[in-house]
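Notes follow once the structure below has been shown.
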Protein chains: 2
Amino acid sequence: MERNIRIVMIEDDEIIREGYALLIGQADGYIVVKSYVSFDDAVKTIMDDAPDVILLDIELPGTNGIAAIPKLKKMLPGAHILILTVYESEKQIFEALANGASGYLTKNTPAAKIIESIKEVREGGGPMSVNIARMVIKSFQRNQESPLSKRETQILEQIADGKSRSQIAKDLFIDLETVRSHIKNIYLKLDVNSRADAIRLAKENKLIK
Amino acid sequence: MERNIRIVMIEDDEIIREGYALLIGQADGYIVVKSYVSFDDAVKTIMDDAPDVILLDIELPGTNGIAAIPKLKKMLPGAHILILTVYESEKQIFEALANGASGYLTKNTPAAKIIESIKEVREGGGPMSVNIARMVIKSFQRNQESPLSKRETQILEQIADGKSRSQIAKDLFIDLETVRSHIKNIYLKLDVNSRADAIRLAKENKLIK
DNA sequence: AAATACTCACCCTATTAGGGTGATTAATCC
DNA sequence: GGATTAATCACCCTAATAGGGTGAGTATTT
């Protein structure tokens, strides 16, 4: 028989915390080892809980969830962190993932879906709520109506990689003056006059990655 | 009563094509309007099919799936494109999403899950197979053991945004010489001696976004 | 006590960036 | 078939930039 999956919750709202803990604990093979109201509260003893999965809220008293992620990863490198929050701002989602979260669920998620997500994350998946997945996929999508030509886009991407004109010329097997010419056209089209402005504008409008 | 969801498949393998078409077509509210063996084959008449969702394979004779995406989006701006393929290479996944795919499923996906994904994508979701979601989430994660300090990371990110030393100094309210000092330390730690190399290495190792 | 992080200072020079103006060829679009 | 766009290259100019060297103070963390 397999070992139970050990789960720890960090969530300040008592009703949500106890409610989810109860429902998840009832599932076969899942055990909610402990629940904490904050990271600062959890930090003392969470290592003894030996969790496989940590359900983490973002809006917490004291250390917030985003900041807690790298600390938890350091203390428990093997544990998977699943964000469970009402917050859906792009910035928070991407920061949470950048910091090491393995999944991101919003709080309207039914317990059954959370249980499934815990299983999924243990199998190397990346569970996300439907709306989160949409935002994540959207973040990859480029603008289909770019004013820049293919060559110009390519050169602007190399500029964003920090390359100098001469490096770009060498890498693309074209003359330095040609590169200059392209850059001038890029600046003209984007109505800017510096690398920084061109990159900022191009990223804002998803013209480059 | 609601209108049926109109689906078009582009898939060169006859068995997969006909099999999925049959199973999806049996579902209530879903109709597989037409199936094509390639994009080049589909391009002539697909606009008359008025699909809501296009199930698109990547490995196709003639125009491959990745290249077909922007063309399809241009012809049918309202249609959602779902990639359905055996390919799981990072590059292909990210290129497909960059080109405008709304979801990415691997071919072991059961028909029921595909039907669910079609519904999901119609509701603004971003359906992905478990392993795809993992790769996508992983692509956001930063290296937790960066040799760079916070300030150094911040400055390197600004360099990657194309800013000059003096611009960075102004934006961070520190002296130009301090910026220089940080950059020197960054180069020392990363063992490089140019912006381009620093950015490349930092991105390769996920030290910056 | 030692190491790291963050700050600033002054030496130096080759390279770079950006502006201006113009030209050729090829492809694509009405 | 005339016009626009893309891609290539040329030569004018100057202020700013990048990168290397070397050193040093303060504060925080270990």
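Values reported hereafter were calculated over all heavy atoms of this structure, with side chains retained and with hydrogens, waters and symmetry mates removed. Quantities reported herein were computed from a predicted structural model and do not represent experimental measurements. Below, chain A is the first sequence line, B the second, and so on; all start at residue 1.
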Short side-chain donor-acceptor distance under 3.5 Å, A:T106 and A:N108: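 A donor-acceptor contact under 3.5 Å links the two side chains.
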
Within the 3.5 Å criterion, strictly below it, is a donor on B:T45 or B:Y36 matched to an acceptor on the partner's side chain?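 Their side chains do contain a donor-acceptor pair, which is all the 3.5 Å distance test asks for.
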
Starting from [atom2] on [N], measure out to [atom1] on [X] and report it in whole angstrom.
{"X": "B:L148", "N": "C:dA5", "atom1": "CG", "atom2": "C1'", "answer": "12 Å"}
{"X": "B:Q158", "N": "D:dA18", "atom1": "CD", "atom2": "P", "answer": "13 Å"}
{"X": "B:Q154", "N": "C:dA5", "atom1": "CD", "atom2": "C1'", "answer": "13 Å"}
{"X": "B:K150", "N": "C:dT4", "atom1": "NZ", "atom2": "C1'", "answer": "14 Å"}
{"X": "A:R165", "N": "D:dA10", "atom1": "CZ", "atom2": "P", "answer": "15 Å"}
{"X": "B:L172", "N": "C:dC6", "atom1": "CG", "atom2": "P", "answer": "11 Å"}
{"X": "B:I155", "N": "C:dC8", "atom1": "CD1", "atom2": "C1'", "answer": "13 Å"}
{"X": "A:I168", "N": "D:dA7", "atom1": "CD1", "atom2": "P", "answer": "15 Å"}

Of all of residues 173-201 of chain B, which get a heavy atom below 4.0 angstrom from DNA chain D, listed by number? B:R180, B:K184, B:Y187, B:N193, B:S194, B:R195

OP1, OP2 of C:dT4 versus side-chain N and O of B:S149: anything below 4.0 Å? no

For a quick check, tell me whether the side chain of A:R151 and the base of D:dA6 share a donor-acceptor pair closer than 3.5 Å.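 Not at all, since no donor on one side and acceptor on the other fall under 3.5 Å apart.
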
What residues form a ring-ring contact (aromatic ring centres under 6.0 Å, His included) with B:Y30, not counting sequence neighbours? none

Sequence-distant partners of A:T85, side chain to side chain contact (heavy atoms under 4.5 Å, CB included), two or more places apart: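 Here the qualifying residues are A:D57, A:I58, A:E59, A:I83, A:Y87, A:Y104.
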
Stepwise, does the salt bridge (charged side-chain N to carboxylate O under 4.0 Å, His left out) test hold for B:E157 with B:R142? CA-CA 13 Å; B:E157 259 165 11; B:R142 306 251 197 102; 3.5 Å; yes

Any carboxylate oxygen within less than 4.0 angstrom of a Lys/Arg side-chain nitrogen, looking at B:D161 and A:K203? yes

